[in-house]
Protein chains: 2
Amino acid sequence: MSQIRKPPTMADIARVTGVSPMTVSRAFKTDSLISAETRQAILQAAEDLGYVFDSTASNLRSQRSDFVAVTIPSINNANFADTVGGLSDALAARNMQILLGYTNYDMQEEERLIEQLLRRKPEAIVVTGGKHTPRGRKLLENARIPVIETWDKPASPIGHYVGFSNADAVRGMVDHFVRVGYRRIAFIGGDAGRDTRGSDRRMGFLGAMKAHGLETDRLIAAGPPPISMREGANAMARLLTEFPDTEAVICVSDLSAFGALTECQRRGVAVPHDIALAGFGDYEIGGICVPTLTTIDAKAREIGRRTGQLILELLEGVSDAGHVTIQPELMVRESTR
Amino acid sequence: MSQIRKPPTMADIARVTGVSPMTVSRAFKTDSLISAETRQAILQAAEDLGYVFDSTASNLRSQRSDFVAVTIPSINNANFADTVGGLSDALAARNMQILLGYTNYDMQEEERLIEQLLRRKPEAIVVTGGKHTPRGRKLLENARIPVIETWDKPASPIGHYVGFSNADAVRGMVDHFVRVGYRRIAFIGGDAGRDTRGSDRRMGFLGAMKAHGLETDRLIAAGPPPISMREGANAMARLLTEFPDTEAVICVSDLSAFGALTECQRRGVAVPHDIALAGFGDYEIGGICVPTLTTIDAKAREIGRRTGQLILELLEGVSDAGHVTIQPELMVRESTR
DNA sequence: TTGAAAGCGCTAACAC
DNA sequence: GTGTTAGCGCTTTCAA
């Protein structure tokens, strides 16, 4: 009886409905010219047969995939999740789907991922950061689709970008710290060289400190990214041991800053009275923990939204070059003077 | 000069290399019979021409997509991110790619998403939770591919599942609370009916309280999901006003529990001395905040890993039914007696 | 180890 | 508003 039958195709619907396959195809496109009754009959027949539209075939024939490929360092990070959310919302208007991959903060893995994603023939590709392996960069350059680098302001962009200078953002925070009177300032971040955004922030810290004529030896390397709460706590423990007279600490993200805060709480070190603390990224936790954390809002969601807008414009030929600079915002809260 | 040229295909490589397209195709498959020199020459030519393999065409012809479709409520949630991470790792062995969509805790949106994902012809589909719209359920039943429900133990599974009873898990926590002496216990969760896992946890709370002959009126509905830190804090404020003599609070997740904790800190209410606090999900924050949070580890990553294993077994025909029950683990920490 | 023929399911392009 | 033809780029199948 109930044999394994092949799934129905448009041809099957055409046979049942007494129209040509082409008409069935038209019935599934919202904008196409087709009489209301015909469409209705076709959609009904499709429902009855349990038909499922085959995007693969459609994509091959029309040479459009409705995919936008996206690489992020980690799926488990609220900043990148927000960016993907904003992007997704912006693309929903055109019914485009995101093909997401994560690199685990590894440029080799990014290269592998880019290659794999490009095989799916996306209409655009969005990458996080402006640094890539030579081959990864070449793959992007040759991709014949819009390439958008995000969360960075690349020295030499491959195509387009939507981002900001991580170094400049931290520089601004150091300037603020100095303005309100802090001098012995430390930086907690990942080991140099892997998380490029983290490294850029560290560079910004170093540059600004030097510009102010301040010491730059209070650097705690908390290991390979992702630098999260635990690493922040451990780094703070080292900092309090090695440089007990530190007045203020800038952490590579709110997550590590919160970890650092908990270490202070366990030791009875008062924030900001004994030591000031700041993060980066305006994560939810920074706005709610006690004390709330001074941070930099990098506008994660806006980065995604603007990226999505840009992609739609590029695909429609409305625009042809997008260098969108996002303005991060310093948010002074309870954890600093 | 440099005209817009069509991207090279296997036929182009075949022409350049002097072999048939079929041989080129073989060169890209690791297991196929082909001489080492021929393959070498072909891969070299491909590199020179900037060839990119076309998965779309491959998928159509071979009727295999190497996609696994996944729906999660929110991309910005560490528990689901961990599950996707575990799944992704398990599938990496077979080079399968995850096609991810998020439902925003909305079953209507889930239905829309399922339909869209199925059009891409995934080899399996993983959904979060065991409750769906009637049409969503029907789509899954007719999908002719393995369907795996996760993060739940469905009353009537569509196909397979990897999960646990959210109600039972919370029941166990209530039992523990009663055992150590708490009686006036409250529950902070989302509005009933939207986040099904949250509702199940609430049901578990109510059932266990009744079983112990305790009052069940200390229920704070914190709004529609996602219930995060801010909602937890607001709910705690209401709870402390409406039921100031509450001895212990169970929150629908660690995030809301942490929010609740901050509200206590701002009011000078000592945890666990004045009130005990527990969460759900073993998020990173619960293990590091002060005090650390009693919680239930739902083994998010293991859910993903086991799901991935199951999918591979099902696709290889090794297994034909998977009802995998995950055992959540109560973790008693500083926030409770 | 390699090649030839056919076709996966859909839609572009054109005709009526 | 609908139909016909051809073919997107690859791989299955069979043959050599």
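Letters A, B, ... are given to chains in the order of the sequence lines, protein chains preceding strands, and every chain is numbered from 1. Hydrogens, waters and symmetry mates play no part in the numbers below; they use all other heavy atoms, side chains included.
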Decide yes or no, distance alone: a donor-acceptor N/O pair under 3.5 angstrom between the base of dG3(D) and the side-chain of R26(A).
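Under the 3.5 Å cut-off, the side chain and the base do form a donor-acceptor pair.
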Within the modelled atom types, does a donor on one side and an acceptor on the other bring the side chain of R61(A) and the base of dG9(D) under 3.5 Å apart?
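No, no donor-acceptor pair under 3.5 Å.
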Nearest-Å distance, [atom1] ([X]) to [atom2] ([N])?
| X | N | atom1 | atom2 | result |
| --- | --- | --- | --- | --- |
| K29(A) | dT11(C) | NZ | P | 7 Å |
| Q63(B) | dG9(D) | CD | C1' | 14 Å |
| M22(A) | dG9(C) | CE | C1' | 12 Å |
| I42(B) | dC10(D) | CD1 | P | 13 Å |
| R119(B) | dT11(C) | CZ | P | 10 Å |

Residue of the set R305(B), R306(B), R301(B) for which salt bridge (Lys or Arg N to Asp or Glu O under 4.0 Å) holds with D89(B):
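Single pass found, and it is R301(B).
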Take a 6.0 Å sphere around NZ of K299(B) and say whether it holds more than 12 heavy atoms from other residues, nucleotides or ligands.
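Atom NZ in K299(B) is packed in, count exceeds 12.
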Under a 3.5 Å threshold, yes or no: a donor from one side chain and an acceptor from the other, between S55(B) and S58(B)?
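The criterion, which ignores hydrogens and geometry beyond distance, is not satisfied for S58(B) and S55(B).
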Please pick, from dA12(C), dG9(D), dT11(D), the nucleotide with the shortest atom-to-atom distance to any side-chain atom of F53(B).
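For F53(B), the side-chain atoms sit closest to dT11(D).
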Can you say whether the rings of H323(A) and Y161(A) are parallel (under 30°), tilted (30 to 60°) or perpendicular (over 60°)?
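H323(A) vs Y161(A) ring planes: parallel.
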Check: F53(B) and L118(A) side chains under 4.5 Å, non-hydrogen atoms
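Heavy-atom side-chain distance check fails, nothing below 4.5 Å.
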Taking five pairs at each end of the helix from dT1(C)-dA16(D) to dC16(C)-dG1(D), what angle separates the two helix axes (nearest 10°)?
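It works out to 20° between the end axes.
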Basic-acidic side-chain contact under 4.0 Å: R94(B), E316(B)
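Judged by the 4.0 Å cut-off on N to carboxylate O distance, R94(B) and E316(B) do form a salt bridge.
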